[in-house]
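Ligands are counted one by one from 1 in listed order, and the atoms in each one are counted from 1 as well.
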Amino acid sequence: MNYSLIPVTNRPLNAETPLPVLEEATTPTRLFYVRNHFDIPALDESTFQLRVDGAVDHPLALSLAEIKAIPSRTLRTAMECAGNGRIFMEPKPAGTPWELGAISVAEWTGAPLVDVLEMAGIDEAAVEVLFIGADNGIVEKKAIHYERSLPLNLALDPNILLIWAMNGETLTPEHGYPLRLFVPGWYGMASVKWLQQIRLIDVPFDGYHQTYHYVYWDDDYAPDGQPLRQMQVRALICSHDVGDRLPCAEVEIRGVAWSGYGEVTRVEISTRHNQWDEATVERALSPAATQRWIYRWHPRTPGEYTLCVRATDAEGNTQPIRHRSNRLGYGNNAVHSMSVMVVKE
Ligand SMILES: Nc1nc2c(c(=O)[nH]1)N[C@H]1C(S)=C(S)[C@@H](COP(=O)(O)O)O[C@H]1N2
Ligand SMILES: [Mo]
């Protein structure tokens, strides 16, 4: 099949991955979902500099060549937008109307953030690390950049990378060329694209995309003001779509599952109300990557069926039947369900 990205909004550009593509171990870059708050900035790696300043011993201005000279790491890991599935929430929250394709997997290559922080020397006054993107716009009458922070203790995780290659190639403009942050296992908002400045700060950051967006308000489970972090456990059906007609014979139902909290240990399928059967799920090949699952189903009688899939991770987190509710429509990891028609051959 010749797939292409599914447009969600044009300006800023937001587009989702067709679900069948997720069966591949990595998502081809041209089909990797795109989530932007502002227009894509035009940057050039020959003049690019990453500034590292604030509460550091020696402020730095690093060229891309200098960042590439740091021994790199490569991780194959999923990234999902915290608003994935928002369109299915009721009442419908404001925000980008994602269906279920705001999730993709790439092979991310870059320099460990901690190495750059150590080059600059972390001053003891630092409590957070702020990441400033080059993209900007007017929000509530104020000119702002896309910026997010991480608590210093979390920012020292050697798996947090300054990415300069995605799927073995130079980053594309949509995905943050020439440099982006990548925080494995977290919802995508943490992985600041077009990263131009890292500032160590001595008070917690309270910018728009930190303390207003990407926070749970009026949520069913989380206390008010709790910031979003790890991706919640989720499984999707990739082999079929709503309304598909299936023969009354053995069929393979396939899909993927992932969690930011650890390996997915169990995937269950329901084809009849409230009855769950085990699917076979592959082991995680790397942390927070998608794991494929498969279920062989042999419907005995024609008719309409609702297929549901539910994943559980190593920490025992599992998916709710009904989505959680919160003001901004985040973290919808309700079971994926779809009705299909089984027909006589
Ligand atoms: N500078 C910048 N970084 C950003 C964003 C943005 O709008 N600007 N969007 C964030 C969000 S909400 C997500 S889900 C991911 C999406 O990354 P992608 O477009 O490469 O899929 O980037 C994050 N980093
Ligand atoms: Mo996002």
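Taking a cutoff of 4.0 Å between a charged side-chain nitrogen and a carboxylate oxygen, Asp277 and Arg296 do not qualify as a salt bridge. We find that Arg199 and Glu147 are not joined by a salt bridge, their nearest charged nitrogen and carboxylate oxygen being 4.0 Å or further apart.
Taking Tyr305 as the reference, Trp297 meet the ring pair (Phe, Tyr, Trp, His ring centres under 6.0 Å) condition, with sequence neighbours excluded. Looking at residues two or more places apart in sequence or on another chain, you find no ring pair (Phe, Tyr, Trp, His ring centres under 6.0 Å) involving Tyr33.
Pairs engaging residues 147-176 under the ring pair (Phe, Tyr, Trp, His ring centres under 6.0 Å) rule: Phe32-His175 [sequence neighbours left out].
Linking Ile, Leu, Val, Met, Phe, Trp and Tyr whenever their side-chain heavy atoms come within less than 4.5 Å puts Ile269 and Leu246 in one cluster.
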When you pair each N or O of ligand 1 with protein N or O atoms, which pairs come out under 3.5 Å?
from	atom 1	to	atom 2	distance (Å)
ligand 1	1 (N)	Asp135	OD1	2.7
ligand 1	1 (N)	Asp135	OD2	3.3
ligand 1	1 (N)	Lys193	O	3.0
ligand 1	3 (N)	Lys193	N	2.8
ligand 1	7 (O)	His37	N	2.9
ligand 1	7 (O)	His37	ND1	2.7
ligand 1	8 (N)	Asp135	OD2	2.7
ligand 1	9 (N)	Arg35	O	3.3
ligand 1	17 (O)	Arg180	NH2	3.1
ligand 1	19 (O)	Arg35	N	2.9
ligand 1	19 (O)	Lys193	NZ	2.5
ligand 1	20 (O)	His175	ND1	2.6
ligand 1	20 (O)	Arg180	NH1	2.8
ligand 1	21 (O)	Tyr33	O	2.6
ligand 1	22 (O)	Arg180	NH2	3.4
ligand 1	24 (N)	Ser191	O	3.0

